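Take a look at the structure below.
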Number of protein chains: 2
Amino acid sequence: MAEQTRAEDIANRLRRSILHGTLPPGAPIKERDTAAEMGVSRTPMREAIRILANEGLLLLRPARSPVVASPTLAEVRDAIEVLSALELLSVRLACDRATEADLDEIRRLERELSDNFTTLDDIDRFEVDMAFHLAIVRAAHNPALAGTHRSYLGRLWRARFLSARRKSSRDSVVSQHRAIVAGLETRDSAAAQASLQAHLDRLLANVRAFFETETETEIGPEASGAD
Amino acid sequence: MAEQTRAEDIANRLRRSILHGTLPPGAPIKERDTAAEMGVSRTPMREAIRILANEGLLLLRPARSPVVASPTLAEVRDAIEVLSALELLSVRLACDRATEADLDEIRRLERELSDNFTTLDDIDRFEVDMAFHLAIVRAAHNPALAGTHRSYLGRLWRARFLSARRKSSRDSVVSQHRAIVAGLETRDSAAAQASLQAHLDRLLANVRAFFETETETEIGPEASGAD
DNA sequence: TTCGGGTGTTTGGTATACCAAAATGGTTGA
DNA sequence: TCAACCATTTTGGTATACCAAACACCCGAA
């Protein structure tokens with residue numbers, strides 16, 4: 001099986017640090033220093049930085065170190081607009097193309113979330129939620145869509161994760177997921193899209209609320225996640 | 001102003017060759033040889049190859065030279081499905097957000113195409129057509145959408161260009177563009193989306209017809225564009 | 001005290017060499 | 001004639017050094 005290159009490995013480690021907050025928004029990634037810390041040369045480090053910049057997690061600046069992206073509310077909202085179009089397309093295509101195996105997997109993930117909603121910790125619950133949406137996209141059987149959707153998940157991960165922690169309303173999430181599954185099972189595209197739209201509207205509202213409290217309580221990048 | 005890096009310059013030159021057919025589908029891009037031909041080192045060549053692979057124009061293979069992508073009908077169709085969702089979103093947002101300057105630019109491009117349809121050569125006409133669609137996306141004022149849309153234009157460019165050459169029906173294209181502009185001007189999102197949908201349906205039909213004749217008349221990558 | 005210039009440091013980009021792995025082609029033996 | 005093995009070539013990835021540009025800081029002069 002294809003092993004990861006050193007660049008991919010470095011990118012994964014940095015991505016994890018960014019998504020989990022160890023590298024907070026605004027933190028610089030000094031190419032030479034970080035390469036030395038990881039015991040690698042600049043070439044794979046440079047490649048890894050490129051990978052993460054393409055995913056929207058790092059912001060490249062001319063003649064300066066790249067920094068961890070710190071998307072504004074407008075940028076997050078813009079990305080959610082595109083994500084919404086992609087997820088609505090995936091639901092529409094999945095209604096037409098999902099196999100029984102696809103539907104089984106989607107049901108399994110829906111059940112896993114609803115059965116364990118209060119016992120899962122924040123990160124695990126969030127990842128099951130993401131897996132649910134990814135399973136729907138896979139059921140659309142359109143690799144181009146899957147790739148683009150995945151890149152939006154990357155760039156929106158932290159905003160979604162942090163906003164979801166503020167308001168994890170079990171009944172609402174679970175009922176919306178169930179409604180989406182029901183629409184898929186009955187191949188009722190309009191119903192499935194309407195349920196997903198409600199879910200996405202709630203996401204946008206949560207993100208807005210999150211940014212509002214961010215500007216009230218946070219001083220700046222330094223005030224978050226210690227280095 | 002920010003000049004291009006050598007890698008970006010190389011990527012642009014290779015992209016042009018790919019899009020214009022000088023480098024046909026399936027042609028290998030040998031990193032060392034092509035770098036030597038262009039008088040550059042492997043480092044920027046490697047970076048340029050990465051850029052084009054991210055745009056879907058090159059296909060990377062393990063332990064083999066990358067080749068010019070040769071998308072199948074299924075891959076092109078998949079990409080058009082996503083492009084359609086993105087363009088429909090852009091029209092919907094543009095109905096809400098377009099400034100008068102945006103509308104002026106869209107009108108100007110529509111007029112340029114309709115006034116010069118038969119006198120423009122294939123490439124120029126195609127590029128005005130693309131500029132028209134790009135202007136609508138700009139009018140949506142969503143940079144994330146603009147970026148993703150641009151990457152789909154890149155990967156679909158050749159299929160669209162070659163299929164458009166087969167059937168360049170002036171009256172149909174021009175009337176659909178006018179209908180889209182009218183919808184934008186009156187901020188009638190439903191009408192603008194319906195006109196765009198018709199335009200996109202025709203694109204898909206053209207691409208299908210193109211692939212059907214491709215499989216009938218073409219022997220293989222060697223039979224197209226001499227090297 | 002402020003502004004401008006110079007110097008040093010940091011940085012991205014590039015060139016080049018080397019390594020290891022994979023693929024391909026040829027030869028030999030059954 | 002076919003299959004297997006070996007050698008050579010091709011390839012991507014990585015390490016390291018160097019260069020030029022940009023930025024920041026300090027000092028001197030007005």
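Chain letters run A, B, ... following the sequence lines, proteins first and then strands; every chain starts at 1. Because the structure is predicted, anything quoted here is derived from the model rather than measured.
- Judged by closest nucleotide on DNA chain D, Ile29(B) is the one of Ser41(A) and Ile29(B) placed further toward the 5' end.
- If you check dA17(C), dC23(D), dG13(C) against the side chain of Arg64(A), the one that comes closest is dC23(D).
- In this structure, Arg46(A) reaches the dG13(C) phosphate: one of its side-chain N or O atoms is under 4.0 Å from OP1 or OP2.
- Between the side chain of Glu127(A) and the main chain of Asp124(A), no donor-acceptor pair closer than 3.5 Å is present.
- If you take CG of Asp9(B) and C1' of dG13(C), they are 14 Å apart, rounded to a whole angstrom.
- Distance from the side chain of Lys30(B) is smallest to dT10(D) among dT10(D), dT16(C), dA15(C).
- Between the P atom of dG12(C) and the CG atom of Leu60(A) lies a distance of 9 Å, rounded to the nearest Å.
- The CD atom of Gln4(A) sits 11 Å away from the P atom of dT14(D) (whole-angstrom rounding).
- Residue Thr43(B) has its side chain nearest to dT16(C) when only dT10(C), dC19(D), dT16(C) are considered.
- Among the heavy atoms of the strands lying under 4.0 Å from Glu31(B) are primed sugar atoms or P, OP1, OP2 only; no base atom is included.
- Under the side chain to side chain donor-acceptor pair (under 3.5 Å) rule, Asp102(B) has a single partner from Arg107(B), Arg97(B), His141(B), which is His141(B).
- The CZ-C1' distance, from Arg6(B) to dT14(C), rounds to 8 Å in whole Å.
- Residue Pro66(A) is in sugar-phosphate contact alone, with no base atom involved, counting any heavy-atom pair closer than 4.0 Å across all strands shown.
- Under a 3.5 Å cut-off, the side chain of Asn142(A) and the backbone N or O of Asp78(B) do form a donor-acceptor pair.
- The backbone N or O of Arg32(B) sits nowhere less than 3.5 Å from a side-chain atom of Arg42(B) that would complete a donor-acceptor pair.
- Side chain of Arg50(A) to main chain of Asn54(A): no donor-acceptor pair is present (N/O by atom type, distance under 3.5 Å, no hydrogens or angles).
- The separation between Ile49(A) atom CD1 and dG13(C) atom C1' is 13 Å, rounded to whole Å.
- Of the two residues near DNA chain C, Glu47(B) and Arg32(B), the one whose nearest nucleotide lies more 5' is Glu47(B).
- Between dG12(C), dT24(C), dA22(D), one nucleotide has an atom nearer to the side chain of Ala63(A) than all others, and that is dA22(D).
- Proximity note for Ser65(B) (side chain, C-beta onward) versus dT14(C), dT11(D), dA17(C): the nearest is dT11(D).
- Met45(B) has its CE atom 12 Å from the P atom of dG12(D), to the nearest Å.
- Taking the side chain of Pro44(A) as heavy atoms from C-beta on, and the options dA15(D), dT16(D), dA15(C), the nearest nucleotide is dA15(D).
- In this model, no side-chain donor or acceptor of Arg61(A) finds a partner on the base of dG12(C) within 3.5 Å.
- In this entry the distance linking CZ of Arg42(A) with C1' of dA17(D) reads 10 Å, nearest Å.
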